[in-house]
Amino acid sequence: MAFRILALSALVAKLSYAEPYNTFDGPGFPACNDAIAVHNPSTVDEMINLVRNAAANGTPVRASGKGHMWYDTMCSDNATVIIRTENVNKISDFSLEEGATDGSVMIEAGVTFFQIAEYLHERGASVGYTLVNWNITLAGSVAMGAHRSSLREDSMVAAGALELHVIDGNGDLKVIKRDNGDDEWLAASTSLGLLGVIARMKFKIYPDFKVYAEQKTLSEKEVLEGDIYGLIAPYATANLWWWPHMHKFHQRYYDRVPTNTSDQEGFQSTFSVTEVEAGAASALLNAGKYLATSNMLSENIFFDLWSKPNFREKTTNEEITEWPVYGWNYDVLIGGLYPGYGTEWDYGLRGLTLELAFPVTQANAVLNRVRKAFDDEFWQNGKYMTSTYRSGINIKFGKPYFDLLGQVTYDTADGADWNKGAMMFDFPTFKPSVGDGLRYNEPFYPKLAKTLIEEFPCRPHWTKNTREVFQWSKGNLDADHLARFKAVRQKFDPKGIFKSVVGEILELY
Ligand SMILES: Cc1cc2nc3c(=O)[nH]c(=O)nc-3n(C[C@H](O)[C@H](O)[C@H](O)COP(=O)(O)OP(=O)(O)OC[C@H]3O[C@@H](n4cnc5c(N)ncnc54)[C@H](O)[C@@H]3O)c2cc1C
Ligand SMILES: *[C@@H]1O[C@H](CO)[C@@H](O)[C@H](O)[C@H]1NC(C)=O
Ligand SMILES: *[C@@H]1O[C@H](CO)[C@@H](O)[C@H](O)[C@H]1NC(C)=O
Ligand SMILES: *[C@@H]1O[C@H](CO)[C@@H](O)[C@H](O)[C@H]1NC(C)=O
């Protein structure tokens, strides 16, 4: 009986008054400013009913996975109902024939990367390189055009979707199949959640395989004056991490190896920290709100730590100390948390970010422009620019993938050459938890974003930017793509119940 009451109250859990619905960073970091209810359904049918109710009342409604986004752009500012997908997480219809190069599986909205990875590994399969991070839903990633880093392989998560089953603005479940000749597909492929709730996806899978991870340290000159495309394109997945104070880069790359290459089972962790480590980092980084030397010291420490493999042997939990590292693809490419560790945000370390994509053909010009902005900040304002993030400034890449609103689409009216792919400048920074909470060089960040947007063709990541950045960059988007998207949006959601701040800024309402 007690159990039934609990289950029932979980299903209809409502907040009695409007309050923010937070991102993974918790209180003080709203994803939605005004959530009037948060529902936790456990089946697709329950989600359909919730959307039908919202549609009948004209109430704004948004789906949410794990809240792994940064700013208050999930909803519109009007009172919104949230449908949390966490408990709608069945995996079914596994199909991968002996000897086949690929197959498929059906997953529900709440399935996370680590959940699907474990399920598939047990069955000798994987999703290849269409990955983001561990505790994030695949549906939330497809909705927002999330991606890994590769110029050679498809690494937009959407590239793995074969069918999207979307609950539209009337509460009807529509099946949209991959078809590049169909605007419904091209809109659904990066929908920003504006067509409705992605309830299920038929997703492409491959036979499981092993990979190596290798990392090199490069001087800043080798990158800024080098062949950036050539550093990335040969590998299955690769990226750069920039240490601007040290004038260095790390180049990380991964590729497939025969299964018998090594018995090692490397397991990566980007975010694991102990409470003691987090406390030390927090003290140093908070001091950096006031003191440049503190930030420089942080960057030196982070650089040294990041030069070593951030991997352990999965079978023994022992630290791996030498490159290259070998293991099963998901464990090496993503991994998760080490046993007994927490994440940085579990221990109160908070971040802000900014991510813009540029044609990779302009990669050198963009990074040199950023370097100039860093130098100008010192010469004009006396402020030393550093990376205040444990893995530096993340420079990622994307193979071209055509849809209407994706970051790596092509054939756009800006006339820029997106056909070779994109470089993403992803600039995470520490957000102080002391004083007014502003960063040491707070005005620099929006100024840099504005400069890059004005001087280069570029596109924002849909969950890693502030409202201002969306405002500034919307003029860089293709007007025809926006118009075609809007036509599909009006068909799927005539009353605009799924609207979000992003959709409003893009004038899709
Ligand atoms: C630690 C960390 C690492 C990350 N790494 C990367 C990275 O490497 N590359 C990258 O591209 N991104 C990255 N991201 C961003 C992340 O992939 C996106 O923000 C993603 O959308 C989050 O998914 P979620 O399941 O947490 O959804 P939420 O954060 O809950 O929602 C994000 C948005 O998607 C919508 N949405 C969620 N589920 C659905 C659904 N079922 N149907 C329709 N709309 C939906 C929501 O309404 C909201 O607008 C990272 C984020 C974090 C916190
Ligand atoms: C995954 O994210 C959710 C929501 O942020 C959180 O409650 C949960 O503890 C996380 N799980 C892990 C393993 O970090
Ligand atoms: C939504 O919010 C806008 C701006 O605050 C307001 O003008 C509008 O009336 C609101 N609409 C509804 C339906 O509440
Ligand atoms: C791995 O297997 C292949 C094919 O069976 C074989 O040719 C190769 O020598 C093996 N390599 C190692 C390192 O054992």
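Counting convention: from 1, in listed order, for ligands and their atoms alike. Please read all numbers here as calculations on a predicted model, not as lab measurements. Quick note: residue numbers are just sequence positions, from 1.
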Whether Phe311 and Trp323 hold their rings parallel, tilted or perpendicular, with breakpoints at 30° and 60°: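 Ring orientation of Phe311 relative to Trp323: perpendicular.
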
Nearest-contact summary for atom 12 (N) of ligand 1 - protein heavy atom, Å: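 The closest heavy atom on the protein side is His461 NE2, 3.3 Å.
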
Sub-4.0 Å atoms of ligand 1 with respect to non-hydrogen atoms of Met74: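 Near Met74, meaning under 4.0 Å from one of its heavy atoms, ligand 1 has 28 (P), 30 (O), 31 (O), 46 (C), 47 (O), 48 (C), 49 (O).
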
Matching residue for Tyr129 among Tyr254, Phe209, Tyr206, Tyr235 - test: ring-ring contact (aromatic ring centres under 6.0 Å, His included):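 Exactly one pass, corresponding to Phe209.
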
Shortest protein contact, atom 42 (N) of ligand 1 (heavy atom only):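 Scanning the protein heavy atoms, the shortest distance from atom 42 (N) of ligand 1 goes to Ile198 N, 2.8 Å.
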
Which of the ligand 2 atoms, numbered from 1, are nearer than 4.0 Å to a heavy atom of Asn135: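 Heavy-atom distances to Asn135 below 4.0 Å select 1 (C), 2 (O), 3 (C), 8 (C), 10 (C), 11 (N), 12 (C), 14 (O).
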
Test item, Trp462 contacting ligand 1 (heavy atom, 4.0 angstrom):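 For ligand 1, residue contact (heavy atoms, under 4.0 Å) with Trp462 is absent.
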
Whether Phe456 and Phe358 hold their rings parallel, tilted or perpendicular, with breakpoints at 30° and 60°: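 Judged by the thresholds at 30° and 60°, the geometry between Phe456 and Phe358 is perpendicular.
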
Contact with ligand 1 for Glu355, non-hydrogen, under 4.0 angstrom: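 Glu355 does not count as a contact of ligand 1 under the 4.0 Å cut-off.
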
Nearest-contact summary for atom 22 (C) of ligand 1 - protein heavy atom, Å: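 Result: His68 O, 3.4 Å.
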
Tyr21 near ligand 1 by a heavy-atom separation under 4.0 Å: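 Outside the 4.0 Å threshold, so no.
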
Nearest protein heavy atom with distance in Å, relative to atom 2 (C) of ligand 1: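 Nearest protein contact, heavy atoms only, for atom 2 (C) of ligand 1 is Trp70 CH2, 3.9 Å.
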
Close approach, Arg84 and ligand 1, non-hydrogen under 4.0 angstrom: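 It does not, in that no heavy atom of Arg84 comes within the 4.0 Å cut-off of ligand 1.
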
Aromatic contact, Phe113 with Trp134 (centres under 6.0 Å):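 Centroid distance Phe113-Trp134: not below 6.0 Å, so no.
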
Minimum-distance protein heavy atom relative to atom 33 (C) of ligand 1: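 I find the closest protein heavy atom is Met144 CG, 3.4 Å.
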
Subset of ligand 1 atoms that lie under 4.0 Å from at least one heavy atom of Trp345: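 Listed by number with element, the hits are 1 (C).
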
Side chains of Asp208 and His121, donor plus acceptor under 3.5 Å: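 The answer is yes; a qualifying pair exists.
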
Aromatic ring proximity, centroids under 6.0 angstrom, Phe29 and Trp345: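 No, they do not, as the ring centres are separated by 6.0 Å or more.
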
Atom 32 (C) of ligand 1: nearest protein contact (heavy atom, Å):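 Ranked first by proximity to atom 32 (C) of ligand 1 is Met69 SD, 3.8 Å.
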
Distance filter under 4.0 Å to Arg62 heavy atoms, resulting ligand 1 atoms: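 Contacts of ligand 1 toward Arg62, numbered from 1: 35 (C), 46 (C), 47 (O), 48 (C), 49 (O).
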
Aromatic ring proximity Tyr410/Phe402, centre distance under 6.0 Å: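 Tyr410 vs Phe402: aromatic centres under 6.0 Å.
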
Contact check, Ala31 vs ligand 1, heavy-atom distance below 4.0 Å: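 Per 4.0 Å heavy-atom rule, Ala31 does not contact ligand 1.
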
His250 and Trp243 aromatic centres sub-6.0 Å: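 When the ring centroids of His250 and Trp243 are compared, they turn out to be within the sub-6.0 Å range.
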
Atom-level proximity to ligand 4, residues with heavy atom under 4.0 Å: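 Lining ligand 4 at under 4.0 Å, by heavy atoms, one finds Asn260.
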
Sub-4.0 Å heavy-atom contact, Phe498 with ligand 1: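 No, that is not the case, since the closest heavy atom of the residue is not under 4.0 Å from the ligand.
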
Ser500 heavy atom under 4.0 Å from ligand 1: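 No, that is not the case, since the closest heavy atom of the residue is not under 4.0 Å from the ligand.
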
